[in-house]
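Here is the structure we will look at, set down as structure tokens.
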Amino acid sequence: MFAMLMGSMFLLPVFLQELLHYDATSSGIAMMPRTIVMAMAMPIVGRLYAKVPPALMVAFGVLMFVLGSFQMASILTLQTSTWDIVWSLVITGVGFAFLFVPLTTASLSAIPRHLLADASGLNSFIRQIGGSIGLTIFTQLLTDFGAQARTSVGSSLSVLRPEAVERFTQMMHAGMQRGLDAITATGLAQMAMGGQATLQATVLAFEKSFVLQGISFLAVLPLLFFLRVERVPDEKVHIEAME
């Protein structure tokens, strides 16, 4: 699960900075809605934990994350603005809150107090390992998807496609109107068409990565059958606290 979460947190900033040309500060500001929603939702999730089975809460978080990933994949274009991605970030922010709080609490709930520090450190270590694996996988997948998309998009740039020929002719004539000779204008038009094809292919690669991320995250749902947390009665907790 943490591999998927870290992959999500990696993909969107890369898209904003590499394709939409955001600087680091603007990219961080664009990501803020998810963090704000998480901060607001976590206290609510903490209260629900005492009343709702953790497996149901995690399942809700998974579904929210999947919904946010699919929505993100559907809105990514070279014209996407910060406001276009807000709702996707809000949805995934709620999903993150419903994932982090129940899983962290459930994983440490049965640990004796004198081992709690060690268990917490081990839990964080496993998360970091999962996150590193996720970053590695999605970086490679993004590269592979980009290569596949460039091949697919490049095959459509053919003299057999009237729209491609028309676009190429417009670019070439625009260069010649600026005083370039026919050979130079043709070369620049070819480079411009290739650059646009590469950009569109990269967008398709990001879209496919988000879709795959959402589908893969659904694999967590069957594992929730094994998430069983023994509830400690309130009276027992009160007695132990008094002792």
Calculate, to the nearest 0.5 Å, the distance between atoms CG and CG belonging to L16 and L11 respectively. 11.0 Å
Kindly list each side-chain donor-acceptor pair under 3.5 angstrom involving residues 91-107, sequence neighbours excluded, with atom names and distances?
| from | atom 1 | to | atom 2 | distance (Å) |
| --- | --- | --- | --- | --- |
| T92 | OG1 | R34 | NH1 | 3.4 |
| T92 | OG1 | S88 | O | 3.0 |
| T92 | OG1 | L89 | O | 3.1 |
| T104 | OG1 | F100 | O | 2.8 |
| T104 | OG1 | R127 | NH2 | 2.4 |
| T105 | OG1 | V101 | O | 2.8 |
| S107 | OG | L103 | O | 3.1 |
| S107 | OG | T104 | O | 2.8 |

Listed partners of N123 passing side chain to side chain donor-acceptor pair (under 3.5 Å), at least two apart: none
Taking atom OG1 of T202 and atom CZ of F15, what is their separation to the nearest 0.5 Å? 9.5 Å
Examine F2 and L221 and state if one hydrophobic cluster contains both, with Ile, Leu, Val, Met, Phe, Trp and Tyr joined whenever side-chain heavy atoms are less than 4.5 Å apart. yes
Would you mind writing out the side-chain donor-acceptor pairs for residues 53-68 within the sub-3.5 Å range, not counting sequence neighbours?
none

Under the rule for side chain to side chain donor-acceptor pair (under 3.5 Å), what residues qualify as partners of S124, not counting sequence neighbours? none
Would V86 end up clustered with I75 when hydrophobic side chains under 4.5 Å apart are linked, directly or stepwise? yes
Applying side chain to side chain contact (heavy atoms under 4.5 Å, CB included), name anything that partners A119, two or more places apart in sequence or on another chain. L108, I111
By side chain to side chain donor-acceptor pair (under 3.5 Å) - contacts of Q79 (at least two apart): none
Would a single hydrophobic cluster contain both W83 and L76, if residues Ile, Leu, Val, Met, Phe, Trp and Tyr are joined by side-chain heavy-atom contacts under 4.5 Å? yes
Between T80, L12, D84, which is the residue that forms a side-chain contact (heavy atoms from CB on, under 4.5 Å) with M72? L12
Under 3.5 Å, which donor-acceptor pairs link side chains of residues 205-219 to any protein atom two or more places apart or in another chain?
| from | atom 1 | to | atom 2 | distance (Å) |
| --- | --- | --- | --- | --- |
| K208 | NZ | Q148 | OE1 | 3.4 |
| S209 | OG | A205 | O | 2.9 |
| S216 | OG | L212 | O | 2.8 |

OG1/T77 to CG/L199 distance, rounded to the nearest 0.5 angstrom? 12.0 Å
T82: which residues meet the side chain to side chain donor-acceptor pair (under 3.5 Å) condition with it, sequence neighbours left out? Y22
Is there a side chain to side chain contact (heavy atoms under 4.5 Å, CB included) between L78 and Q200? Walk through the geometry before answering. CA-CA 8 Å; L78 294 176; Q200 293 297 334; 3.4 Å; yes
I'd like to know if the side chain of S74 reaches the main chain of Q71, judged simply by a donor and an acceptor atom lying under 3.5 Å from each other, with no hydrogens or angles considered. yes
Going hydrophobic residue to hydrophobic residue with side-chain gaps under 4.5 angstrom, can you get from I44 over to M42? yes
Check: residues 136-145 side-chain donor-acceptor pairs under 3.5 Å, at least two apart:
| from | atom 1 | to | atom 2 | distance (Å) |
| --- | --- | --- | --- | --- |
| T136 | OG1 | S132 | O | 2.9 |
| T139 | OG1 | L135 | O | 2.6 |
| Q140 | NE2 | D144 | OD1 | 3.0 |
| T143 | OG1 | T139 | O | 3.1 |

Using the test side chain to side chain contact (heavy atoms under 4.5 Å, CB included), find all partners of D23 that sit at least two apart in sequence or belong to another chain. T25, S26
For the CD atom of Q128 and the CD1 atom of I126, what is their distance to the nearest 0.5 Å? 10.5 Å
Identify whether F125 and L115 are in the same connected component of the hydrophobic contact network (ILVMFWY, side-chain heavy atoms under 4.5 Å). no
Holding to side chain to side chain contact (heavy atoms under 4.5 Å, CB included), I want the full list of residues that pass it with A201, two or more places apart in sequence or in another chain. A149, R150, V153
Across all chains, not counting sequence neighbours, the side chain to side chain contact (heavy atoms under 4.5 Å, CB included) partners of P43 are none
